[in-house]
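To start, the structure itself, in C-alpha cells.
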Amino acid sequence: MELDEIKQRALAHLDDVSDLLALEAWRVAYLGKKSPLSQALRSLGSLPLEERRRLGAQANQIKELLEKALLEKEAALKAAEVAQTLGQEGVDVTLPGRRPTLGRLHPTTQMVRAICQVFVTLGFQVVEGPEVEWDYYNFEALNIPPDHPARDMWDTLWIDSPERGDKGAMLLRTHTSPMQIRVMERTRPPVRVVVPGKCYRYEATDATHESMFYQIEGLAVDKGITFAHLKGTIGEFARRLFGGERKIRFRCDYFPFVEPGVEVAVDCFACNGAGCRLCGNTGWLEIMGAGMVHPGVLEQVGYDPKVYTGFAFGLGPERVAMLRHGIDDIRLFYSNDLRFLRQF
Ligand code: DAH
C-alpha cells in the first residue's frame, strides 16, 4: 500500500470511531506491529539508499501524525463520556455548593464570655488558674483549716500524689475561690479580677448537680471597699445581664472566706417577681454567693485588714444559662447531644 493511501484510510477510519473500545482496535490496525505502516517501515531495509531515506522520512512523519491524532481522539472521547455520565446522573453543575457544617461556641462558653464581658466593662480583669490545686489554696488559705466541718460543703476529688510541704495534698479544685489567694499573693491592692474556670466535685449527678461545672469568681480589694460597693457592682451586673429593671436581694449565708456572707438573688425576669414556674413561685432567682472578704483571708496573703477591705462573689454560669434559657437539667450541657447544643 502506498504510504499516502495508508494515511488517508487511517484518518478516515478515525473519524468513524465513536468509543474507546473502537479506538483501541483502530490503534492496533494502524499503529500496531502488523499494521501496513509498520510493515512498510520494516521493509525499508531492502530498498536502495536514496529511496530508503525518502520513504523512511515520510513513513515516520505519518506515524507521528497518526499518534497525535490518536491522543486527541482519546481525550475527546473521554470528555464526552464524563459529560454523558453527569447528564445521566442528573448532576446540575449550576447548583450552589453544599454549605459546610460550622461549629459554634458551647452554651457555657457563650455565657462565661457574656458574664466576663460585663465585669470587664466594670473595670475587672479576667484571669485563669489551675484546675489541679493544693489543699492550701482550695481550703486552708480560704479560712478552712484541716478537719474543719466547713470542708463538708465541698465533696472533694483528691489526687493521689505526694504532699508538697506547706501546700498540703493535691486535689481537683472544688471552686474558683483558690484564685483569690493566688491573685492576692502576687499583687498588691487595688485588686479587681474575675476568674472563669472549671471546678470538680465528688458528687452524684442529678438535674442540678454535675461533677464538672464552671464557676466565675470575683474579687475586689482596696482601701475603703464596703458592702455598698458589692451591692452596686452585683446590681449593675444583674441589670446588664438580665435587663434594666432587675432588683437584687441579699440574704445571710455562710461561706468561711467571707464575713458577712450572703446569697444573692435577682427578681425573676420571667414574671417580674410575681411568681412563676421558673422561680418556683418565689419571685426570686438565686444566682450567686458573695460577701466581704474575711480579715483572716487578707492576713493570710499579707494584706493588712485594717487598711484594706474587699468583696468577693462566686457564680455558676450554667445555672445562669439554665435560668435564661429555661433549661431544666444541668447534665444536658456536657452530654454532647447535638440536638441540645445546636439550639444555642
Ligand atoms: N466558692 C463558693 C462555692 O463554691 C462560692 C462563693 C461564695 C464564692 C461566696 C465567693 C463568695 O467568692 O464570696 O460554693
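When a ligand or atom number is given, it counts from 1 through the structure's own listing order.
For the ring-ring contact (aromatic ring centres under 6.0 Å, His included) test, residues two or more places apart in sequence or in another chain that qualify with F227 are F250.
Between H325 and F344, the distance from one ring center to the other falls under 6.0 angstrom. Checked against the 6.0 Å centroid criterion, the rings of F257 and F139 do not qualify as a close aromatic pair. Between F213 and Y334, the gap from one ring centroid to the other reaches at least 6.0 Å.
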Enumerate, one pair per line, all nitrogen or oxygen atoms of ligand 1 lying under 3.5 Å from a protein nitrogen or oxygen, stating the separation to 0.1 Å; write 'none' if no such pair exists.
residue  : atom   : partner : partner atom : Å
ligand 1 : 1 (N)  : H175    : ND1          : 2.9
ligand 1 : 1 (N)  : S177    : OG           : 2.9
ligand 1 : 4 (O)  : W154    : NE1          : 3.3
ligand 1 : 4 (O)  : R201    : NH2          : 3.1
ligand 1 : 4 (O)  : Q215    : NE2          : 2.9
ligand 1 : 12 (O) : Q180    : NE2          : 3.2
ligand 1 : 12 (O) : E217    : OE2          : 2.6
ligand 1 : 12 (O) : F313    : N            : 3.3
ligand 1 : 12 (O) : F313    : O            : 3.3
ligand 1 : 13 (O) : A312    : O            : 3.2

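Grouping the Ile, Leu, Val, Met, Phe, Trp and Tyr side chains by contacts below 4.5 angstrom, directly or via other members, places M212 with M153.
Within a 6.0 Å sphere centred on NZ of K231, heavy atoms belonging to other residues, nucleotides or ligands number 12 at most.
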